[in-house]
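In what follows, a single structure is set out as structure tokens and then discussed.
Bear in mind that the values here come from a model prediction, so they are computed numbers and not experimental data.
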Amino acid sequence: MSQAKLDPIDREIVGNLSQDARVSNRSIAKKLGVTEGTIRQRIKRLQNEGLIQFTVVTDFRMAGSPNLCMLGIDADPSSVKDLAEKLRSIPQINCVVLLLGRFNLLAMGLFTNIEQLDHLVKTQIRTLPGVQRVETAISVHNLKYDAGVARIAPDANAVPLLEQSPSHDGSASSRAAKRPERRRT
């Protein structure tokens with residue numbers, strides 16, 4: 001899988017939308033010093049490339065105070081990718097992650113009772129080819145649950161957009177590159 005290339009403007013757009021998905025294109029454009037059309041085109045491209053999507057995230061309380069349940073799954077290494085795809089198709093599972101470490105896979109979902117979780121594990125997960133063991137963990141108190149957990153982390157080597165200015169040809173040029181280099185002593 002090739003890694004998507006996001007420039008500083010894309011990252012700033014995503015950062016703004018992560019804070020408030022209802023923010024106007026005009027507001028983002030003003031903040032970033034570009035046109036509203038630029039923001040609209042970039043958001044459309046990010047959506048078309050599957051890099052962002054817009055959805056309504058409901059609070060746990062709207063679903064009858066469910067518990068966040070995590071399923072650590074040990075699997076035959078040769079079947080991990082197929083197993084991940086099968087887990088993705090289970091409606092009750094809303095997160096599937098391939099791991100290095102104690103488990104091969106982590107699946108998460110919201111369940112209103114232990115019986116639901118037990119039934120899912122026994123009838124739909126343990127029966128999948130390649131599953132060797134399933135260990136469940138149930139949250140008892142969520143100190144922090146951020147629905148925007150998939151935010152794009154900033155590139156440590158990237159120059160922040162605020163330090164960039166448009167050049168005469170319309171492209172962004174970094175002011176940082178024009179500063180004299182500091183020498184370490």
Side-chain angles (χ1 to χ4, degrees), residues 1-22 41-158:
M1 177 182 230
S2 65
Q3 189 167 355
K5 297 288 184 190
L6 298 178
D7 68 15
I9 293 176
D10 291 335
R11 289 182 186 281
E12 289 286 340
I13 291 169
V14 172
N16 277 274
L17 292 171
S18 294
Q19 294 299 311
D20 179 6
R22 298 182 315 160
Q41 288 174 337
R42 285 175 177 252
I43 289 173
K44 183 99 174 141
R45 178 182 50 81
L46 292 167
Q47 285 179 294
N48 290 341
E49 292 176 4
L51 298 174
I52 63 170
Q53 62 183 9
F54 295 96
T55 186
V56 173
V57 178
T58 56
D59 189 291
F60 284 10
R61 294 169 291 190
M62 289 186 67
S65 297
N67 290 91
L68 177 62
C69 300
M70 290 140 290
L71 309 169
I73 302 167
D74 281 330
D76 174 15
S78 65
S79 62
V80 169
K81 286 186 180 180
D82 288 339
L83 187 54
E85 288 301 319
K86 289 177 183 165
L87 289 168
R88 270 178 64 174
S89 69
I90 298 173
Q92 298 91 328
I93 300 297
N94 51 24
C95 178
V96 179
V97 182
L98 277 72
L99 301 172
L100 295 175
R102 182 174 180 178
F103 304 108
N104 302 100
L105 294 158
L106 175 68
M108 293 190 283
L110 297 170
F111 296 87
T112 55
N113 60 56
I114 295 173
E115 290 79 17
Q116 275 184 323
L117 175 62
D118 184 55
H119 180 74
L120 177 80
V121 170
K122 286 179 179 174
T123 62
Q124 293 185 54
I125 296 177
R126 283 196 180 137
T127 58
L128 292 172
V131 172
Q132 297 171 342
R133 184 172 69 98
V134 179
E135 185 176 313
T136 59
I138 302 169
S139 70
V140 292
H141 182 70
N142 297 319
L143 301 175
K144 180 178 181 181
Y145 179 81
D146 187 350
V149 73
R151 288 190 188 113
I152 299 172
D155 182 350
N157 298 320

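Listed by chain and residue number, Lys44 satisfy the side-chain contact (heavy atoms from CB on, under 4.5 Å) test with Asn48 (two or more places apart in sequence, or in another chain). Applying the side-chain contact (heavy atoms from CB on, under 4.5 Å) rule to Gln92 yields the partners Ile90, Phe111, Leu120, Gln124; only residues at least two apart in sequence or on another chain are considered. Evaluation of the side-chain contact (heavy atoms from CB on, under 4.5 Å) rule for Asp7 yields Ile9, Asp10, Arg42 as partners, not counting sequence neighbours. Annotation: salt bridge (Lys or Arg N to Asp or Glu O under 4.0 Å) contacts of Glu115 (sequence neighbours excluded): none.
Within the structure, salt bridge (charged side-chain N to carboxylate O under 4.0 Å, His left out) contacts touching residues 71-83 (residues at least two apart or in different chains) are Asp74-Arg133.
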Which pairs of donor and acceptor atoms, one on a side chain in residues 98-109, lie under 3.5 Å apart (sequence neighbours left out)?
| from | atom 1 | to | atom 2 | distance (Å) |
| --- | --- | --- | --- | --- |
| Arg102 | NH2 | Glu135 | OE1 | 3.0 |
| Arg102 | NH2 | Glu135 | OE2 | 3.1 |
| Asn104 | OD1 | Ala75 | N | 2.7 |

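The side-chain heavy atoms of Ile93 and Leu71, taken from C-beta on, include a pair separated by under 4.5 Å. Using a 4.5 Å heavy-atom threshold, the side chains of Ile43 and Leu17 count as touching.
Gly130 and Ser79 get closest at one heavy-atom pair: CA-OG, 3.3 Å. A pairwise comparison of heavy atoms in Leu6 and Leu51 identifies CD2-CD1, 3.9 Å as the closest pair.
To the nearest 0.5 angstrom, Leu117 atom CG is 10.5 Å from Lys122 atom NZ. Distance CE/Met70 to OG/Ser139: 5.5 Å, rounded to 0.5 Å. Distance SG/Cys69 to CG/Asp118: 11.0 Å, rounded to 0.5 Å. Expressed to the nearest 0.5 Å, how far CD1 of Ile114 lies from OG1 of Thr136 amounts to 8.5 Å.
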